[in-house]
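Chain A is the first sequence line, chain B the second, and so forth, proteins listed ahead of strands; every chain is numbered from 1.
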Amino acid sequence: MNDNRIVMPTASYAVTTDTLNLEALIEAVTSTPPDTAVAAVGPGGITSFVGVVRNENAGRRVLHLEYEGYEPLVLRAFERIGTEAADRWDVRVALHHRLGTLQIGEASVMIAAASPHRADAFAACRYIIERVKQIVPIWKHEFFEGGDVWIEGATADPDDDTARQDAIRVAGG
Amino acid sequence: MNDNRIVMPTASYAVTTDTLNLEALIEAVTSTPPDTAVAAVGPGGITSFVGVVRNENAGRRVLHLEYEGYEPLVLRAFERIGTEAADRWDVRVALHHRLGTLQIGEASVMIAAASPHRADAFAACRYIIERVKQIVPIWKHEFFEGGDVWIEGATADPDDDTARQDAIRVAGG
Amino acid sequence: MHVNVRLFARLKDIAGTGELARQAPPGATARTVWDTLVNEFAQLRDYEASISVAVNEEYSRMDVAIADGDEIAFLPPVSGG
Amino acid sequence: MHVNVRLFARLKDIAGTGELARQAPPGATARTVWDTLVNEFAQLRDYEASISVAVNEEYSRMDVAIADGDEIAFLPPVSGG
């Protein structure tokens, strides 16, 4: 982390076993004007992403998921990702992730990004979900018809610039 | 319109003077399984876009906006845009636009897109807002400090393929 | 024949109304109706190159033939979102 | 010196616990601690090339020197979202 980074007082990060609430994220990125150019003008667009537990994965019929996380490091990773996004785009962001048992159709992750420029809001929102999947210490334990399995995706390495450039590229710049 | 197009029974289109409600759009794209592959698997991701009235435009301090629309054609344009999106990406979509007097910070437009694939959800959501600005017969009457002006953007031509390709390109494919 | 004209946004301000009933000769197109309006409200000429037209609540073309009772809407460049 | 080890997801299943207290020699690195665990729980070796490590709740490197009382967390490939 760079101690010279701009403080984003209204960025909202949370990891919780409670049901997620998109309105809370949108409120976080639009209310309480902070001391930034974004607030002086007000957001023109707010994008959001909600990740939902699907009933199918890799041909297996999924019954439910259990999410485990290393909570203090999850929050630090959220801050890192949010700062990366705010350094690159003119955005205020929110990022909430749920842990514990989730049923099919429940939301596991919610992201919101507000910006005067809709291109920035879209790019930041997409970037953040890609980075969540790359470096946030959370694991899905999948319970399916016939067994269970820990899902393993990316080796987490926040300093891997190739991964970060991939996320920037997918986000469209 | 092509009469052979797949009917998307849960696509939700609205033009209203009432306050918009994002939860209603997300409900529309995720509930009531329709007879499509999307519903069989369930959405994995839901993206949304909310357009908000800004307090500044082209250096003018905006006081409020009045949105006027040709309502029956607005709804037909919404259906056209939603069908274009669903033909290209594996998505269910919702698109609501507000008319009448809007104060600073109020939402003028809301879009939601649900898909098993987050790339599709992001692309469709972005495509839809671009197309709204290209071809939907709605006009902003801006009241600012010192006067008022009708905002005029794009000449609406749904058959202009260059404009449509621009929207596809901006959406990332 | 008789047509119902709809005008929006700045076009409505120029004409002072958003709904006008007008007569059109047999064989008239949407452009015939537009030209009639430009004769009546000179400022509409500024929109010559940028208007869109809808006939009976569907986007159409200026050279489309119109029929008795049609609703012809002239639309300045849009600014939704 | 004394370190607190945290294991997650499948690593926790292999070790049968998510929290272990272990001794480490002076000059030990995170890798020293990992090697100790692999000796104890052979299945952990499968994760040799894919684990990440965090020291005191911050991402770190396997070759970082550790200190008495440190919390060393070993993380299998992540799958959040």
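Heavy-atom pairs under 4.5 Å with chain D peak, among A:Gly51, A:Ala77, A:Ser108, A:Pro158, at A:Pro158. Heavy-atom pairs under 4.5 Å with chain A peak, among D:Ser52, D:Ser50, D:Ala9, at D:Ala9. In terms of non-hydrogen atom pairs under 4.5 Å with chain D, the most contact-rich of A:Leu99, A:Val109, A:Thr155, A:Asp159 is A:Thr155.
With contacts defined as side-chain heavy-atom distances shorter than 4.5 Å, the pair D:Arg10/A:His141 does not qualify.
Contacts between residues 124-140 of chain A and chain D, counted as heavy-atom pairs separated by less than 4.5 Å, involve A:Ile129, A:Val132, A:Lys133, A:Gln134, A:Ile135, A:Val136, A:Pro137, A:Ile138, A:Trp139, A:Lys140. Close approach to chain D, defined as a heavy atom under 4.5 Å from one of its heavy atoms, is seen in A:Trp150, A:Ile151, A:Glu152, A:Gly153, A:Ala154 of residues 145-154 of chain A, taken by number. Contact annotation for residues 62-81 of chain D against chain A (heavy-atom separation below 4.5 Å, listed by residue number): D:Glu71, D:Ala73, D:Leu75, D:Pro76, D:Pro77, D:Val78, D:Ser79, D:Gly80, D:Gly81.
Counting only residues at least two apart or in different chains, ring-ring contact (aromatic ring centres under 6.0 Å, His included) contacts with residues 152-173 of chain A are absent.
A:Arg76 contributes no side-chain N or O that, together with a main-chain N or O of D:Glu58, makes up a donor-acceptor pair within less than 3.5 Å.
In this structure, the portions of A:Tyr70 lying under 4.5 Å from any heavy atom of chain D include both its backbone and its side chain.
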